[in-house]
Amino acid sequence: MNEQRFRWRNKQLRDHADVIDGNLAPTKVLKHITYLNVFLKQWMTGNIWIFEDRIVYVGTEMPPNLEGTEIIEGDGDYAVPGYIEPHAHPFQLYNPQSLAEYAAWTGTTTVINDNLMWLFLTDKKKAFSLLEECMKLPVSMFWWGRFDFQTTLREEKQEKLEEQLPEWFTHDAVVQGGELTAWPELLYGKDDQILHWMQEVRKARKRVEGHLPGASENTLTKMKLLGLDGDHESMTADDVVKRVELGYETGVRHSSIRPDLPQIMEGLAGKDFRAFDRLMYTTDGSTPGFYKDGVIDNCIDIALKAGIPEIEAYLMATIYPARHFGLDERLGALSPGHIAHVNLLDSKDHPSPHSVLAKGEWVKKREKDVHTKVKLDWASAEIVPLSLDWSLDVEELQFSMPVGMDMVNDVIMKPYAVESNTSVEQLPETTNEAFLTLLDREGTWKVNTLLRGFTSSLGALSSSYSTTGDIILLGKSKEDMVLAFERMEEIGGGIVLVHDKKVVFEMPLAYGGMMSREPFEKLMEQESVLKEKLCEYGYCFGDPVYTLFFLSSTHLPYVRITPRGLMDVKKKEVLFPAIMR
């Protein structure tokens, strides 16, 4: 059995000890290899014995029994523990499997994932079965349990989803609660339900993570008192230092919408910062193309180039995050008793591995993909192509709302007064305004407004990819919008662009209308084409995928289109409610 979360059975433990006595032969031996001892913080030379999925010995001796053992000559190579991504959002067009397989190829063999989409796409029983399916993958995969849903839901759905949360917090695959985007409700709104859940997570000896961008010392202090352990929203070296000073375990981020790591690492190097044991890297759910340079291996490379001490640069990717989550007895080290996640490097200053062992099996060998293909049973969790039992008429696309959403950047939206004539069938290309509709996945409600800054000419975009899994429809032409919606439904969910009554781009998202089933590399290509197409039609920002995803996200300012209606985020007021269809 490939160990991922659970402890090894007694018979397996006896077998592991028998390897030391020569009664059994190890599966693999890395011979005479230079390896990183994360406890001594030294490079050492020795032999690493692996039996199935576990490291059973590290030292100068060779096994007394080598019958059937694969010997890997280590001369000239450097071995480091598999890297850990402590804060992944595994549904940014990709799915948990495709992200995990790509991450493993780059040396990131442990991924700790957001559970948000499971809350929206399936029920907890089916989601938990999918968590067990994920144990078949070559990575060690863990999850967080959300306290809040990152948007404002209709009351009946809010209650239904909240009923699922307590069992997530106690599930053995869940290692933390968070990330807490609704901290203003907790701190200022006195939301005792969230506070209760936080205490339940802490009672289970699990971590609680915040989401505190730009937070003051006062806010950071009060949130620490209320139970936060960590935060990944530092944007500067000063932010990092302040969080560490107050006792936070601190994520240092390099993501598609916050590529801050070079400046943070250079700033810390300039401050003679030494508390690296309080830090861990994260890519924070970047969109596919951002990963072309790697995952956590790229973060280590950035740290090394910024002048961070070499060994500390590796420890922030290995033992430090493992220790934070209480997983250091099994992960983050090349040591007896640890899962056999091993990266083989050409040199100490090149953290991208040429070979990767994950759970003791080859994933990558001398730059060749050798991992065993795994088939997960998505259908058992009802993560299947989108199927709608309702249709859309052009007459429903009436836009009389006096307030629209104005794009400040990829993800920040401000309200603006609509002055355009919205009774027309097509908005003129002399403006960068577009019709915008959010449609309930079940077909019961809709919200119509305008979005300024997304496009100057595109006929229509339809997307089942959104914060809640509801349908986004936007564009200049109402007729094109209906055509885009119909084509999106035909392909089982996804992102579709239509212009002048022709489909000019489509990206199927066959897993629940939210995630692609394509391999990661192909998805990167598709995302690149999407960006190019939208740029042709006037999208002038950097990350349209996150623009779509965050249209309903109420943890961002200033106005959002949500299942309840158009909302003023700061005041928590619905400016214009959703309309029943």
Side-chain angles (χ1 to χ4, degrees), residues 86-87 89 114 116 144-152 176-195 197-199 201-202 206-261 263-265 267-268 271 273 275-276 278-285 316 320-321 324 408-414 467 546 550 553-560 567-572:
H87 187 97
H89 299 274
D114 184 3
L116 183 63
W144 349 318
R146 282 271 183 172
F147 299 120
D148 60 284
F149 307 110
Q150 207 166 282
T151 189
T152 301
Q176 76 168 11
E179 60 183 301
L180 181 56
T181 55
W183 64 267
E185 283 83 351
L186 171 68
L187 193 58
Y188 306 120
K190 310 297 183 184
D191 189 326
D192 282 338
Q193 180 63 74
I194 292 179
L195 186 58
W197 286 332
M198 290 171 64
Q199 299 314 307
V201 171
R202 291 178 66 86
K206 299 179 182 183
R207 294 297 193 173
V208 180
E209 186 186 29
H211 177 98
L212 303 169
S216 67
E217 181 180 52
N218 182 279
T219 295
L220 290 168
T221 298
K222 287 190 286 187
M223 292 304 296
K224 195 76 174 66
L225 292 172
L226 292 177
L228 286 193
D229 299 298
D231 179 72
H232 64 285
E233 289 290 332
S234 295
M235 294 177 277
T236 66
D238 288 339
D239 288 346
V240 171
V241 172
K242 178 53 66 179
R243 283 160 173 75
V244 172
E245 178 186 346
L246 295 174
Y248 283 88
E249 302 274 0
T250 304
V252 285
R253 178 173 53 189
H254 194 57
S255 75
S256 52
I257 53 176
R258 292 297 325 183
D260 298 323
L261 191 62
Q263 292 74 28
I264 288 175
M265 291 289 102
L268 293 178
K271 291 176 179 292
F273 180 85
F276 295 103
R278 306 294 294 182
L279 307 186
M280 52 195 144
Y281 308 108
T282 179
T283 60
D284 196 14
M316 286 188 282
Y320 294 160
H324 171 67
V408 176
N409 59 29
D410 310 58
V411 298
I412 304 299
M413 316 283 168
K414 286 188 174 181
T467 299
Y546 259 112
F550 280 159
S553 294
T554 52
H555 68 292
L556 293 165
Y558 294 87
V559 62
R560 299 285 141 176
M567 172 163 282
D568 181 314
V569 172
K570 187 174 182 179
K571 295 180 180 179
K572 297 297 178 186

When rounded to the nearest 0.5 angstrom, what distance separates OG1 in Thr282 from NE2 in His89?
7.0 Å

Option passing side-chain contact (heavy atoms from CB on, under 4.5 Å) with Tyr558 (candidates Val569, Ile412, Asp568):
Ile412

Which distance, rounded to the nearest 0.5 Å, do you find between the CE of Met198 and the CG of Asp229?
8.5 Å

Considering only heavy atoms from C-beta outward, does the side chain of Arg146 approach that of Asp114 to under 4.5 Å?
yes

Rounded to the nearest 0.5 Å, what's the gap from CG on Leu279 to NE2 on His324? Could you check?
11.5 Å

Taking atom CZ of Phe273 as the centre, report whether more than 12 heavy atoms of other residues, nucleotides or ligands fall under 6.0 Å from it.
yes

Rounding to 0.5 Å, atoms CH2 (Trp183) and NE2 (His555) come to a distance of 12.0 Å

Euclidean distance, Leu228 CG relative to Glu179 CD, rounded to 0.5 Å
11.5 Å

Inspect the surroundings of NZ in Lys572 and state if more than 12 heavy atoms from other residues, nucleotides or ligands are less than 6.0 Å away.
yes

What are the two closest non-hydrogen atoms of Leu246 and Leu220, and how far apart are they?
CD1-CB, 3.6 Å

Rounded to the nearest 0.5 Å, what separates atom CG in Leu180 from atom CZ in Phe147?
6.5 Å

Sidechain N-carboxylate O distance under 4.0 Å for Glu249, Arg243
no

